[in-house]
Colleague: 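Below is one structure. I have some questions about it.
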Amino acid sequence: MRAVRIHNTLGGKIEQLAPLSPPRVSMFVCGITPYKPSHIGHGRAAVVYDVVAKLLRRVGYHVFYLQNVTDIDDKVLKIATEEGRDWNAISEGNFQSYLQSMRRLHVDSVNFYARCTDYVNEILEQIETLIAKGHAYASDGDVYYDVGSFPAFGALSGQRMEMLEPGVRIEVNPRKRAPEDFALWKGEKLGPRWKSPWGDGRPGWHIEDTAIAVNVLGSRYDIHGGGMELKFPHHEAEIAQAEGATGKSPLASIWMHHNMLNMRGEKMSKSLGNVVGLDETLRQFRPEVVRYFLLSAHYRSPLDYLGPESLEEAGRALETLRVGYDRLISQIEENLAKTFPREVPLPGGGRAYFQDFREWIDRAPLLYPADPQHRSGDRVEDEMMNALLDDFNVREATARLFSFNSELHATLEAQGRSLQEEDLVALLRPYDLASTVLGYFSPARSRDSAASLSAAVELALECRAQAKQRKDYAEADRIRKQLSEAGIEVEDSAHGPKWRLKT
RNA sequence: GCCGAGGUGGCAGAACGGCUAAUGCGGCAGACUGCAGAUCUGCUUUCCGGGGGUUCAACUCCCUCCCUCGGCUCCA
């Protein structure tokens, strides 16, 4: 298995992933609090960890990817009060809309979304354990974590508790023993309540993550992901809770933190009125374009959203790749559609059988042995993999793909028709990697342009060819323009007209 | 104030202690085309926040300052 290098916030260095029980990799990512509709910043987080999970699977790991949903929270309740709505309807509605956006974005790597409210029993158990072990105390219906009992608190974020005092407004809470203690359980008189040994109430902010993670993944797991803004106090609290309760350390071997999506240099926030909705964005731009944009900066760097022009630029860049990819597929169809092998030996033994060409072309990149020494496509795929395996350097991998894309045109121009099966499959590999791991292309779109659409366009092109033959260019241009307005781009070439769907 | 992340050409954004500092977008010119598009070629003249230092050599390592972003704890 190839080595995966990841930046670990715990220690601040890039290190090699060493799973607790290979080939399994357990991964927990802090999910959303669905108190309002998601914005494109949430999309960034989702796409970043989607790439992480898909890349790990691509190199052979069996990834279990868990995400929590904080469906009960102060913010949810605040909105519920303000709008006079049921808190559950708010969080469930926003969560369902988030899931729909995820489907559109092809974020399909998450194995399990766990709702906080489905884990209240586990939360209560963990709190009781923490009290029993002297890490927490009950106080007038609430339960607080005793931060002083956990000396490592602050290690992840480099915060020293003594230094937090200056500049911080400390709100007086007589139920706490120390100001840095945080709530595990909140006694409630109003709003949703669950029974507990300390009276009715609801979970505190941090506890659901560890109750869920420890119950689903175990007391230790491989990767924890989340936004930088959660480093302190949220992730510190997670470490204190889980390690305090289980006695096992470290909770996660690798802590990944992605950087924020800014809005023209400012934080994207509701009060500034600069939130760009994810759902709305996906209505205006193709999902692959949104993914390309969200991946256009390294995950640990801030990404600036300048407005729709950012997505338009992403669309133009992607179009350049798509033209090459489509051209390659056409060439493969031309060379192999009739003669593609109906059975192919599998790398691990056995054989794969194909009756359909499209099925073959989809699977081919993973069925044929790669030869990076001799074939440019294989070499480029290898270089892209190396970049991705080095702390997920998507941008570097993409740069390789662009260079390859340029060369491809010359290759096809010179030797297109004479290229054999293995060579064509090799040329396909860089695009396949970009498609399956990065999500730059939607296979359905590039190939399954329904036969009926194809027939209709061919007919229109035939009319246009006749018009051109009698030098009626006005008519020829009219046909091309109308097709263009319908999203079908026609291009004349030495081998006759070609057409494609616009991005 | 403290902790953390970032400051690279018109814009976006990579890399490495040492080859002309990638790649994309945009702009200009040329080839191809009936025109367009796509593609190709060339150009877009000395881009690495400021200042010190280490080194034969720094965007890359160290120090310091400046700027931007996030965080510095819940309690409807």
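Values in this document were obtained by computation on a predicted structure and should not be read as measured data.
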Colleague: For A/R400, report the nucleic acid contact type (base, sugar-phosphate, nothing); a contact means any heavy atom under 4.0 Å.
Modeller: nothing
Colleague: From B/rC74, B/rA14, B/rG34, pick the nucleotide closest to the side chain of A/K186?
Modeller: B/rC74
Colleague: Which nucleotide in the list B/rU23, B/rG71, B/rG37 gets nearest to the side chain of A/F232?
Modeller: B/rG71
Colleague: Select base, sugar-phosphate, or nothing to describe what A/H206 touches, counting heavy atoms under 4.0 Å on all strands.
Modeller: nothing
Colleague: Identify whether any heavy atom of A/V147 sits under 4.0 Å from a base atom; if not, whether one sits that close to sugar-phosphate; answer base, sugar-phosphate or nothing.
Modeller: nothing
Colleague: Can you say whether a donor on the side chain of A/R175 sits under 3.5 Å from an acceptor on the base of B/rC74, or the other way round?
Modeller: no
Colleague: Is a donor-acceptor pair below 3.5 Å formed from side chain A/E313 to base B/rG24, judging by atom type as modelled?
Modeller: yes
Colleague: Given B/rC35, B/rG71, B/rG24, identify the nucleotide with an atom nearest to the side chain of A/Y292.
Modeller: B/rG24
Colleague: Give none if B/rU60 has no partner; otherwise give the nucleotide forming a Watson-Crick or G-U wobble pair with it, both distances under 3.5 Å.
Modeller: none
Colleague: When rounded to the nearest Å, what value does the distance between P atoms of B/rG1 and B/rC11 take?
Modeller: 30 Å
Colleague: Are A/Y299 and A/Y49 an aromatic pair by the rule of ring centers under 6.0 Å?
Modeller: no
Colleague: To the nearest angstrom, how far is A/D477 atom CG from B/rG37 atom C1'?
Modeller: 11 Å
Colleague: Watson-Crick or G-U wobble partner for B/rU39, using a 3.5 Å limit on both distances?
Modeller: B/rA31
Colleague: Show the numbers, then the answer: is there a side-chain contact (heavy atoms from CB on, under 4.5 Å) between A/E238 and A/H224?
Modeller: CA-CA 11 Å; A/E238 279 188 50; A/H224 182 118; 2.8 Å; yes
Colleague: Relative to each other, are the rings of A/H235 and A/H257 parallel, tilted or perpendicular (30° and 60° limits)?
Modeller: tilted
Colleague: Take atom CZ of A/R202 and atom P of B/rC74, then tell me their distance rounded to the nearest Å.
Modeller: 13 Å
Colleague: Of the listed nucleotides (B/rA22, B/rU73, B/rG34), which one gets closest to any side-chain atom of A/R395?
Modeller: B/rA22
Colleague: Could you give the distance separating B/rA57 and B/rG4 at their C1' atoms, to the nearest angstrom?
Modeller: 32 Å
Colleague: Measure from the side-chain N and O atoms of A/S196 to the backbone N and O of A/G199, and report whether any donor-acceptor pair falls under 3.5 Å.
Modeller: yes
Colleague: A/Y305 and A/F293: aromatic ring centres closer than 6.0 Å?
Modeller: yes
Colleague: P atom, B/rC28 versus B/rU33: distance in rounded Å?
Modeller: 22 Å
Colleague: Using a heavy-atom cut-off of 4.0 Å across all strands, would you classify A/T320 as base, sugar-phosphate, or nothing?
Modeller: sugar-phosphate
Colleague: Using the P atom as the point on both nucleotides, what is the distance between B/rG26 and B/rA58, in whole Å?
Modeller: 36 Å
Colleague: Measure from CD on A/E413 to P on B/rU39 and round the result to the nearest Å.
Modeller: 12 Å
Colleague: Does the side chain of A/N262 get closer than 4.0 angstrom to OP1 or OP2 of B/rG70 through an N or O atom?
Modeller: no
Colleague: Just to be sure I understand the rule, does A/R464 reach a base, reach only the sugar-phosphate, or reach nothing, if contact means heavy atoms closer than 4.0 Å?
Modeller: base
Colleague: Regarding B/rG37, can its base be found pairing with the side chain of A/D492 as donor and acceptor, where the two atoms are less than 3.5 Å apart?
Modeller: no
Colleague: Is A/S296 near enough to B/rA14 that one of its side-chain N or O atoms lies under 4.0 angstrom from OP1 or OP2?
Modeller: no
Colleague: Contact class for A/A317 vs. all strands (heavy atom < 4.0 Å): base, sugar-phosphate, or nothing?
Modeller: sugar-phosphate
Colleague: Using atom C1' in both nucleotides, what's the gap between B/rC35 and B/rU23 to the nearest angstrom?
Modeller: 32 Å
Colleague: Could you give the CE-to-C1' distance, from A/M228 to B/rG4, as a whole number of Å?
Modeller: 6 Å
Colleague: When rounded to the nearest Å, what value does the distance between P atoms of B/rC61 and B/rG17 take?
Modeller: 8 Å
Colleague: I need the CD-P distance between A/E475 and B/rA36, as an integer number of Å.
Modeller: 20 Å
Colleague: Please identify which of these residues, A/D423, A/D378, A/D382, meets the salt bridge (charged side-chain N to carboxylate O under 4.0 Å, His left out) condition with A/R429.
Modeller: A/D378
Colleague: Which nucleotide sits closest to the side chain of A/P302: B/rA5, B/rU39, B/rG37?
Modeller: B/rA5
Colleague: A/R464 and side-chain hydrogen bond (donor to acceptor under 3.5 Å, both in side chains): which partner among A/D492, A/D472, A/D477?
Modeller: A/D492
Colleague: Could you tell me how far B/rU20 sits from B/rC43 if I compare only their C1' atoms? Round to whole Å.
Modeller: 15 Å
Colleague: When the nearest nucleotide of RNA chain B is assigned to A/D304 and to A/E491 on a heavy-atom basis, which residue is associated with the more 5' position?
Modeller: A/D304
Colleague: Side chain of A/F182 only, please: which of B/rU73, B/rA36, B/rA22 is the nearest?
Modeller: B/rU73
Colleague: Mind checking if A/G158 touches a base, just sugar-phosphate, or nothing, with heavy atoms under 4.0 Å?
Modeller: sugar-phosphate
Colleague: Categorize A/Y473 for me: base, sugar-phosphate, or nothing, with a 4.0 angstrom heavy-atom threshold over every strand shown.
Modeller: base
Colleague: For A/H234 and B/rG71, give me the distance from atom NE2 to atom P, rounded to whole Å.
Modeller: 14 Å
Colleague: With a 4.0 Å limit, can you tell me whether A/S406 has a side-chain N or O closer than that to the phosphate oxygens OP1/OP2 of B/rU39?
Modeller: no
Colleague: With both distances kept under 3.5 Å, what pairs with B/rU55, Watson-Crick or G-U wobble?
Modeller: none
Colleague: Taking atom P of B/rU39 as reference, at what distance in whole Å does atom CG of A/D326 sit?
Modeller: 12 Å
Colleague: Go through the side-chain N and O atoms of A/T436 and A/R58 and say whether any donor and acceptor fall under 3.5 Å apart.
Modeller: yes
Colleague: Name the pairing partner of B/rG26, where a pair is Watson-Crick or G-U wobble with both distances under 3.5 Å, or state none.
Modeller: B/rU44
Colleague: Paired with B/rC2: which nucleotide, if any, by Watson-Crick or G-U wobble criteria at under 3.5 Å for both distances?
Modeller: B/rG71
Colleague: Mind running ring-ring contact (aromatic ring centres under 6.0 Å, His included) on A/Y144 and A/F182 for me, showing each step along the way?
Modeller: CA-CA 5 Å; A/Y144 292 97; A/F182 56 88; 8.9 Å; no
Colleague: If we take the P atom in both B/rU60 and B/rG49, what is their distance in whole Å?
Modeller: 8 Å
Colleague: B/rC69, B/rA38, B/rC74: which one has an atom nearest the side-chain heavy atoms of A/Y144?
Modeller: B/rC74
Colleague: Please check if any side-chain donor atom of A/Y440 sits under 3.5 Å from a side-chain acceptor atom of A/T398, or the reverse.
Modeller: yes
Colleague: Is there a side-chain polar atom (N or O) of A/R327 under 4.0 Å from OP1 or OP2 of B/rU39?
Modeller: no
Colleague: Select base, sugar-phosphate, or nothing to describe what A/D142 touches, counting heavy atoms under 4.0 Å on all strands.
Modeller: nothing
Colleague: To the nearest Å, give me how far apart CD (A/E236) and P (B/rG4) are.
Modeller: 12 Å
Colleague: Nearest to the side chain of A/E229, heavy atoms from C-beta on, is which of B/rG70, B/rU73, B/rC3?
Modeller: B/rG70
Colleague: Tell me which of A/E407 and A/A297 sits closer to the 5' end of RNA chain B, going by the nucleotide each one is nearest to.
Modeller: A/A297
